[in-house]
Amino acid sequence: MEIRKKYFADERNDDLKEIGQSRQRSDALGHVKGITPFYADRAIPGLLHIRMVRSPHHHARILGIDASRAERHPGVRRVITARDVPHNVYTVLSLINIGPEDEPVLAFDKVRWQGEPIVCIVADSERAAYEAAQLVQIAYEELPAVFDVEEALKPGAPLVNEYHGQNYYRYDSGESRKVILGDVEKGFAEADFILEQRYQASPIEQAPTETTGCVVVPDQNNRFTCYTGTQAVFFTLDNSSVILQVPGQQLHFVGGTAGGGFGGKVDCTTEPIAILASMLTGRPVSYIYNRYEEMQISSPRAAERIYLKDGVMKDGRIVARQVRCYVDSGAYSRHTPYGTQKAAAHFPGPYTIPNVRIDCYCVYTNRTPSSAMRGFGVTIGDFALEVQMDKLARLIGMDPLEFRFVNAYRDGDMKAHHQPTEGAALIECMQEAAEWADWPVDPRCMAMSSREPRRQP
Amino acid sequence: MAKIPLHFILNGEERAEFVDSGATLLRLLRDKTGDLTAKSGCLQGTCGTCTVLVDGAPRLSCITLAEDCDGADVETVAGLAAHGQLHPLQHAVMEHFAAQCGFCTPGMLMAAKALFLTNPRPSREDVVEALSGNICRCTGYEPIIQAVLSAAQVMSASGPGAA
Ligand code: FES
Ligand code: FES
C-alpha cells in the first residue's frame with residue numbers, strides 16, 4: 001500500500017502508525033484451524049429443533065389453525081402460536097422510535113407475504129419437527145395481493161399492512177422523505193437538455209455461507225444464553241427483551257462471530273422465538289434457517305424503482321435534478337424506512353446542483369420484507385445516478401469523466417441538504433483514477449482542486 | 001430406527017460409533033465425534049463448506065452417508081496441522097487474507113489439500129477447477145487462489161511428500 005503525498009499534504013503530519021501497515025486479522029488463526037466458534041459450533045446435549053409452518057399465500061386471512069395432529073406427533077415437545085408470544089407485534093426500529101409496531105412474530109389474523117411464519121414446532125429432532133410441520137392445518141381466505149410499488153400506491157390497491165393504514169411509511173415530512181433545494185422547475189426551464197430515465201433493481205439476497213440462526217441454552221436462575229450469528233447483538237437482545245417482556249439481564253447473548261452477514265443478519269427473526277421455545281420447554285433449542293429459508297425468507301436488499309430527471313447545460317453543468325424513488329419494503333418495515341431515508345440523503349450524489357427535488361417512498365407490498373444489505377439505500381441509487389451521468393455526458397458530447405469534474409462538489413458548495421460541503425476530495429480521487437486508468441482528461445480538470453470554489457458561469 | 005456400528009479413522013485415530021441409518025457423514029462428525037470443523041452451509045451438496053477427505057478424495061459430507069464410511073480414512077481440518085505445526089496451506093491462507101468470515105475456510109482447505117494429493121504443482125486453472133465446488137461469499141476468491149498457489153510453491157520447494 002502506498003499513501004500519496006501530493007494531495008492535501010499541508011493537512012497532515014504524516015505520523016500515521018496503523019494506516020498503511022498490513023496487520024493480521026485477529027481471528028485468522030481460528031479460521032484456518034477450523035475452531036472459530038460459529039453459533040452452531042457447540043456440542044449441546046438434549047438440543048431441541050425448531051421448524052416453522054409458513055404461509056403458502058402472498059396475502060390471506062387466517063380463518064383457523066389446527067395443530068392438534070402436530071402436537072401428538074412423536075418427538076414434538078411444544079407447538080407455539082401467536083398467543084404464546086408475550087408482545088407479538090413489534091418492529092425492530094422501535095428502539096430508535098421508528099413506529100408503529102407493524103409485524104407479528106407469529107402471524108394470527110392475516111398473512112402478508114409468502115413464507116410468513118405462523119406456527120412454530122419444537123421437537124426432539126429436525127426430522128420430527130419437519131414431519132410435524134406438515135401436519136398443521138391452516139384455513140385461509142385468499143386476498144388480492146400487490147407486488148408492484150407504484151400499483152401499491154394507487155387508490156383502491158389492496159391494503160397490505162393495517163398498522164400503517166396506507167401502503168407507505170409516513171414520515172414527518174409526509175408520504176415521502178424529501179430533500180429540496182432551489183426550484184427544479186425553474187432549473188428545467190433554463191436547461192439546454194433534459195433527460196428523464198427509469199431504473200429498476202431487483203431484491204438481492206445477501207446469501208452468507210452460514211445461514212441465519214441461533215442456539216439457546218437455559219441457564220440456572222431463569223437466564224438464557226443465546227449463541228447467535230446476528231450482526232446486531234445488543235439490538236437483538238433489546239428487541240428480544242421487548243418481544244418476550246423480560247428484563248434484559250435475563251438474556252445473555254454470545255455473538256460477534258458471523259459466517260458472513262452482509263446486512264442479512266440484523267433482523268432478530270430467530271432469537272426471540274428460540275428463547276421463547278427454551279422458556280416453554282426448559283430445554284436448549286436451536287433455530288437454524290435451511291438454505292431455502294436463507295434465500296427465500298430472510299430479508300433481501302430492497303428492490304428500488306428510481307426515476308431520474310436532469311436538466312443539463314451544453315457546457316456540462318447540471319442545473320436541475322429531480323429524483324422519485326420507490327423502495328419496496330415488502331410487507332413490513334424492518335430496516336427499510338431507514339434505508340429509504342438514507343436513499344433520500346444520498347441523492348443527488350456527490351455533485352453540486354443548484355436545483356434539486358428528491359422524493360423517496362418506503363412502500364409496502366406483499367413481497368418478502370426487505371432490510372439491510374451493504375450500503376442499503378445507497379448502492380442502487382448510486383448505480384442509477386452514475387449510469388445517468390454517463391448518459392448525460394453522451395447527450396452533450398462530453399467525456400464522461402470530464403463531465404463529473406465539472407459537476408463534482410467542492411468545499412463550500414451548498415449541498416441539497418442545505419449543508420455546506422466540507423472536506424471534499426472527489427476531484428483528487430478522480431485525478432488519481434484518471435492516471436491509474438490511463439484515461440486522459442483535459443488539463444483544466446487536472447488543475448482543479450476541491451478546495452477552490454467553482455467558477456460561477 | 002436401526003443403529004449401525006461404524007469403524008473408521010478420523011485424522012489418524014481409530015473411531016467406533018453407532019449411527020442412525022441414513023445419517024450423513026457431516027452429522028456423524030459434528031454430533032458424534034465432536035469435530036465441528038466441517039460446516040453446514042446448505043445441507044444439499046451445493047456450497048462445499050462441509051468438504052472433508054474420505055480415503056484421500058474430497059467429499060461433501062452433507063450428502064455422504066455415514067454408513068458408507070465404514071472402514072474409511074476420514075480427514076478434516078482438525079487434522080491438518082501436524083504436531084502443532086500449521087500446514088503450509090493454513091499459513092498461506094493467513095498470509096494472503098484468504099479467510100474473512102472463515103465459514104468457507106475449512107472446506108476450501110480440504111478441497112485444496114485433495115488437489116495437492118493428486119497434483120502437487122497445480123496451475124492456476126487447476127486450482128480454480130479444484131475449488132469450483134466451494135462457495136465463498138466474502139473474499140471474491142482471488143486471495144484464496146493466490147494462497148493455494150503459494151502453498152503449492154512452498155510445498156514443492158520443501159520436497160515431495162510434504163502434503
Ligand atoms: S453443506 Fe455440504 S455442500 Fe453445502
Ligand atoms: S471467508 Fe466468508 S465465505 Fe469465505
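Naming: A, B, ... by sequence-line order, numbering from 1 per chain.
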Per-residue contact mode, [X] against chain A (heavy atom under 4.5 angstrom):
X: B/A81; value: neither
X: B/L89; value: neither
X: B/Q90; value: both
X: B/Q100; value: both
X: B/L109; value: side chain
X: B/C47; value: neither

Quick one: does A/C226's side chain get under 4.5 Å of A/H252's, heavy atoms only? no
Quiz prompt | Qualifying residue for side chain to side chain donor-acceptor pair (under 3.5 Å) with A/T230, from A/T236, A/T212, A/T270 | solution =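 The single option meeting the side chain to side chain donor-acceptor pair (under 3.5 Å) with A/T230 is A/T236.
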Select, from [options], the one with the greatest count of heavy-atom pairs under 4.5 Å involving chain B.
options: A/K33, A/Q206, A/R291; answer: A/R291
options: A/R25, A/E294, A/H31; answer: A/H31
options: A/T257, A/T209, A/N290; answer: A/T209
options: A/T211, A/I288, A/V32; answer: A/V32

**Prompt:** Under 3.5 Å, is there a donor-acceptor pair between the side chain of A/Y287 and the main chain of A/E271?
**Reply:** no
> Do B/K39 side-chain atoms and B/G107 backbone N/O form a donor-acceptor pair below 3.5 Å?
Replying inline: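 It does not hold such a pair.
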For [X], is it the side chain, the backbone, both, or neither that has a heavy atom closer than 4.5 Å to a heavy atom of chain B?
X: A/E126; value: side chain
X: A/D41; value: both
X: A/A207; value: both
X: A/F262; value: side chain

Does [X] pair with [Y] as a salt bridge, N-O distance under 4.0 Å?
X: B/R30; Y: B/D35; answer: no
X: A/E210; Y: A/K265; answer: yes
X: B/E75; Y: B/R59; answer: no
X: A/E18; Y: A/R23; answer: yes

Verify whether one side chain among A/H49 and A/S125 offers a donor that lies under 3.5 Å from an acceptor in the other.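 The answer is no; no qualifying pair exists.
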Any chance the side chains of B/D126 and B/S123 put a donor and an acceptor closer than 3.5 Å?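 Judged by distance alone, the side chains do pair up.
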Pair count under 4.5 Å, heavy atoms only, with chain A: among B/Q44, B/E95, B/R137, highest is B/R137
